Every structure is written in structure tokens, then in C-alpha cells.
Amino acid sequence: MSQKIHFDEIIGRYRSDPYDYVDMHARHTGKVRFLVDEQAEVKGPSGEWKHIPGTPLYEITRERNTKVITSETNGTVSAINWDADNTFVEAGEKLLTIRHPLKKKEIIEAILQEVLFLFPAPERARYYFSMDIQSRIERKGARSVLVKPGDEIITMSLMKRDTPVYYTGEPGIIHSIYFRPGDSIDQGVPLIGVCAEEKLPLVQKIITRVKADWE
Amino acid sequence: MPQDKPWVSHAEIMDRLRADAAGHCGPAGGAEERIRRYGAPVGCVVEHHPRLDRCMLRLRHLVHRARARNTTLASGTVVVADSLSGSSGRFDRSWHAPEGGLWLALAWADTLLPRYSALLPLAVGIACCETVRALGVDGAIRWVNDVHADGRKLAGILSETMATPDGERFHLLGIGLNVNNMDFPPELTAAATSLRAETGCRYERRAVAIRLLARLAWNIGLVHYCEERGLAEGGAAVAGPATAPLIDRWRRLSDSPGRRVVYGYDVVKTPLYRARVEDIDPEGGLRMVLDDGSLLTEYSGEIRYLD
């Protein structure tokens with residue numbers, strides 16, 4: 001975590017370009033066919049359970065098995081790798097970019113994520129705080145809960161198998177919680193953001209500053 | 001304390017596994033031998049107790065004790081008890097474990113890739129269902145792995161993963177199978193049944209245990225075989241057809257596809273939505289169609305039937 005935050009520079013950066021650029025890569029090998037054009041408006045998944053898929057972006061065919069890949073976020077298609085259209089691509093090849101307009105809350109989170117230690121989901125599963133952490137959060141609030149390496153902080157539930165997840169980052173307080181207990185979370189997505197106690201005032205300053213400066 | 005002579009010997013389990021082989025609907029050819037080898041550690045140590053608090057707790061104790069001795073618990077170690085004083089189901093649900101039932105837990109070293117270890121709970125459900133069917137009860141699996149007869153629960157399964165401070169990980173697979181026990185507490189009377197209640201026959205619990213452990217050896221071995229196939233077919237990224245031998249087996253035993261269900265993580269306390277089950281996917285996820293026609297796949301949680 002960096003102690004020095006150049007507010008003006010960071011906020012200036014978001015003011016001049018208040019977007020997140022989400023790159024979409026080929027999920028696996030296969031022949032790609034794009035279903036959108038550049039500048040197309042796309043939507044992310046919707047519905048109470050996020051069960052209504054977003055806008056179809058491209059289809060990828062491997063061994064006569066065609067999958068339609070949909071958008072995970074709202075925004076505009078800002079770039080398409082047309083060289084990949086109707087050709088066979090390797091897994092991981094960049095296919096297109098979606099420009100997602102950021103809201104104030106997202107900007108605060110984006111800045112905080114540069115400052116906090118992010119603890120990611122180890123697997124795609126449903127996540128719950130461990131009973132001890134949950135009761136401490138309920139009693140005192142997350143920002144009073146100190147975690148240190150080796151603490152059992154979360155239970156991962158996958159196919160009715162419960163696995164304790166142990167914290168592995170820097171000691172600190174749970175500043176941000178990025179999931180609701182019971183949410184299904186993809187592998188690698190941050191579950192919590194942890195902040196060293198002494199850096200809490202700095203983090204609060206960031207929030208206050210963005211709230212004050214951002215229209 | 002455990003008895004000196006094993007209640008069930010590993011040789012008895014392996015004999016049963018070989019005897020069952022002819023009836024397996026699994027992969028053909030040399031695969032059978034590999035599956036048996038993968039599953040062979042099941043029951044390598046069987047510790048029997050007249051009474052325990054919980055079998056899972058005893059297994060945890062054995063894992064920590066082995067570590068304190070600078071060794072490791074043998075993968076496949078099984079703890080069996082005639083009755084349990086502190087048994088429980090998931091969450092805070094009650095599970096009645098008197099004499100007459102089969103209460104056991106298995107420790108399995110975590111050597112599988114995560115995509116495949118997620119299939120272990122399915123494998124245990126298959127093993128339990130195959131066991132009750134072999135004993136004359138028309139059991140079926142309700143996703144993920146509840147084994148029931150006409151909606152009454154015959155077997156319950158708990159799956160947990162534990163890690164020691166030095167990073168050694170075990171899957172602890174707890175199984176409660178109602179065998180000869182006929183009396184259930186009032187809150188479970190309508191929801192539970194036993195092999196004896198279903199058939200009127202009294203079963204020799206040792207024989208049931210040997211049969212169940214042999215089925216566990218086969219189906220856990222099958223999960224490892226699926227992983228081997230998946231890696232040979234291009235890596236761990238996509239389970240795809242690699243898991244078909246296990247998933248097809250589950251489909252044949254389950255009555256979930258086609259049913260109208262209510263879904264929730266803790267479906268008793270917090271039901272989330274209603275849907276119709278379409279199928280399970282190659283990773284064991286439950287594919288459901290919601291009332292608005294959209295598809296949703298869940299990899300955790302549980303269901304109850306509405307029809």
C-alpha cells in the first residue's frame with residue numbers, strides 16, 4: 001500500500017477519462033464471429049439473480065460446439081479486434097474492449113482498490129464470512145474487524161462442500177466488502193479490501209475528497 | 001478407544017470392489033483398473049467406536065495428531081461409530097444418529113484440481129444411492145447429494161475441507177445412512193426413513209459399510225479418472241466431456257431433472273426462488289429454468305421439490 005496519494009493526479013485522471021475499459025479475451029480456443037460493431041451500446045446481465053444475460057458480443061465455435069459470449073458490463077464497444085473475426089483464435093486472445101462509464105461510487109472504489117489489499121475469491125463459489133467474523137461485523141461493523149494472516153475469515157461453499165478460507169494478506173481492518181454473504185463469486189474477484197489501521201485516515205481522506213470534488 | 005481388530009478390513013472392501021466391478025456402468029477397457037487404483041485408499045484404515053460425538057471431529061483430531069507427530073493421516077482413513085451424541089446436519093439442522101444406523105466419515109487428501117474436487121460431493125451421493133439400491137431400496141439423488149426414498153431422507157452427506165497450519169488439506173466426507181434405525185424424533189418423522197423401514201428387512205451393518213466403502217472407492221476413483229481424462233484432453237480449463245462418466249452416473253440415479261423446485265443456499269430458512277430443473281452441467285452445476293424462461297446455473301445451495 002502506498003502512503004502517498006496524489007489526489008489531484010488521480011482525480012484529474014478520472015475527470016479526463018471517467019471510464020473503465022473492460023477487455024474481453026477468448027475464453028478458449030475456437031473460431032470467433034463478432035455479433036456487435038464498434039460503438040454499439042451493450043448491457044450487462046440483469047434480473048434479480050443476474051440471470052438475464054447481457055448483450056451477445058461474439059460467438060466462439062470449437063468442435064461444432066458454439067457458445068455465445070455476452071457482455072458482463074454496460075457500456076459502448078470501443079474497439080474490436082477484426083483480425084480475429086471468422087478466424088481460429090487461441091484462448092486468452094484479446095477480442096474487444098467495452099468502455100464502461102464510471103459512477104461516483106465506482107470511482108471511489110477504483111481509487112480505493114489501488115490503496116487497499118484486495119483478497120480474491122479462490123474459486124467460483126458462494127461465499128460467507130466465518131461465524132466469528134460475521135458476529136464481529138454485526139457487533140461492531142466491518143471497519144472494526146481486524147484480520148491477520150492465518151485467520152479463518154470466510155467459508156467457501158461449492159457443491160455442498162464447505163471450505164474455510166484463510167486470510168493471506170497484510171494485517172488490517174476490513175475496509176470494503178465486495179460481496180453479499182451467499183453471493184456466487186467468480187474466481188479472482190475481490191471479496192474484501194483490507195487496510196492497515198494506520199492508513200485508515202488516508203483512505204477516509206480519499207473518500208471525502210472524491211465525494212466533495214465529483215459532480 | 002478404537003478396537004485392535006479392524007471392524008472392517010481394507011481387504012474386505014477391495015474384495016467387494018472387485019466383485020462389484022462386473023456390474024459397473026463405467027468406462028470400459030483398462031480404465032476400470034485405473035479407477036480401482038485411484039479409489040483403493042478408501043478404508044485403508046477403519047477406526048470403529050461404539051460411541052462418538054461426531055465422526056468428523058474425530059477425523060479432525062486424527063489429522064492434527066498425525067501432524068503433531070510429524071507425519072500425516074493416511075488418505076482414505078475412515079472413522080465409524082455405532083451412535084453419535086453430537087450429530088448434526090448442515091447449518092443448525094438436526095440429524096438423529098442412534099444405534100442401528102451407519103455413521104462414518106472419510107478423510108481424503110486434497111490432491112485433485114479444484115474443478116474436480118468440486119465433484120466429490122456428487123461422487124459420495126452416487127455411492128450412497130448405489131448402495132441403497134443394491135440393498136433393495138429404490139433410492140434417488142436430489143441435487144447435490146441427498147439420497148431419499150419417496151421424498152424421505154435415507155442418507156445425508158456433509159462435505160468439508162480442512163487445512164492444517166502447514167497447508168496440508170483434506171476433504172472430510174461425512175455420511176449418515178439410516179439402516180436399521182426406525183425411530184426418529186417427531187420433527188424428522190415425516191422427513192426421514194431407513195432401509196429397514198422401507199423393506200422390513202434387518203441389515204448387517206458391517207456388510208452395508210463394506211458395500212458403501214467399496215462404492216465410495218469406485219466413485220471417488222472415478223473423479224480422479226475424470227481428472228486424468230480432462231488433463232489428457234487439454235488441461236484443467238474446461239471440464240467438458242472429461243467428467244461425463246461421473247455426471248452420466250449421477251443423472252441415472254437422480255430424480256431432480258424435470259422437477260419443479262425451490263432453491264436456496266439454506267433453502268429451509270431462506271428460500272430464494274422457484275424454478276424447473278433442466279439438468280446438471282459437466283461441472284455438476286444445477287441448470288434451472290426460471291418462470292420467465294431464463295436459464296440459471298447454481299454451483300452451491302440446495303433444492304426442495306415442489307411437485
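All values reported here derive from a predicted model rather than from experimental measurement. Here is the naming used below: chain letters follow the sequence lines, and residue numbers restart at 1 for every chain.
Heavy-atom neighbours of A/Glu197 CD from other residues, nucleotides or ligands within 6.0 Å: at or below the threshold of 12. In A/Glu90, the CD atom is not crowded: 12 or fewer heavy atoms of neighbouring residues, nucleotides or ligands sit closer than 6.0 Å. The local environment of CZ in A/Arg180 is sparse, with at most 12 non-hydrogen atoms from other residues, nucleotides or ligands closer than 6.0 Å. At most 12 heavy atoms of other shown residues, nucleotides or ligands fall within 6.0 angstrom of atom CZ in B/Arg274.
Listed options A/Glu123, A/Arg126, A/Lys50, A/Glu48 were ranked by heavy-atom pairs under 4.5 angstrom with chain B; first place goes to A/Arg126. Heavy-atom pairs under 4.5 Å with chain A peak, among B/Pro121, B/Gly285, B/Gly264, at B/Pro121. When B/Glu298, B/Glu302, B/Arg169 are compared by the number of non-hydrogen pairs under 4.5 Å with chain A, B/Glu298 comes out ahead.
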Sequence neighbours excluded and cut-off under 3.5 Å, please list the side-chain donor-acceptor pairs for residues 53-60 of chain A, or say none.
residue, atom, partner, partner atom, Å
A/Thr55, OG1, A/Lys43, N, 2.8
A/Tyr58, OH, A/His25, O, 3.4
A/Glu59, OE2, A/Arg33, NE, 3.0
A/Glu59, OE2, A/Arg33, NH2, 3.4

Show which side-chain atoms of residues 149-163 of chain A pair as donor or acceptor with protein atoms under 3.5 Å away, not counting sequence neighbours.
residue, atom, partner, partner atom, Å
A/Asp151, OD1, A/Lys148, NZ, 3.3
A/Asp151, OD2, A/Lys148, N, 3.0
A/Ser157, OG, A/Asp162, OD1, 3.2
A/Ser157, OG, B/Ser300, OG, 2.9
A/Lys160, NZ, B/Asn145, OD1, 3.0
A/Lys160, NZ, B/Asp146, OD1, 2.9
A/Arg161, NH1, A/Thr163, OG1, 3.4
A/Arg161, NH1, B/Thr161, OG1, 3.1
A/Asp162, OD1, B/Arg90, NH2, 3.3
A/Thr163, OG1, B/Thr161, OG1, 3.1

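In this structure, CD1 on A/Ile52 lies 11.5 Å from CG on B/Leu295, to the nearest 0.5 angstrom. One distance of note links CD of A/Gln187 with CZ of B/Arg115; it measures 8.5 Å at 0.5 Å rounding.
At a 4.5 Å heavy-atom cutoff, the contact between B/Leu122 and chain A is made by side-chain atoms alone. Residue contact with chain A, scored on non-hydrogen atoms closer than 4.5 Å, involves the side chain of B/Asp292 exclusively. Residue contact with chain A, scored on non-hydrogen atoms closer than 4.5 Å, involves the backbone and the side chain of B/Ser117 alike. In this structure, the portion of B/Leu290 lying under 4.5 Å from any heavy atom of chain A is its side chain and not its backbone.
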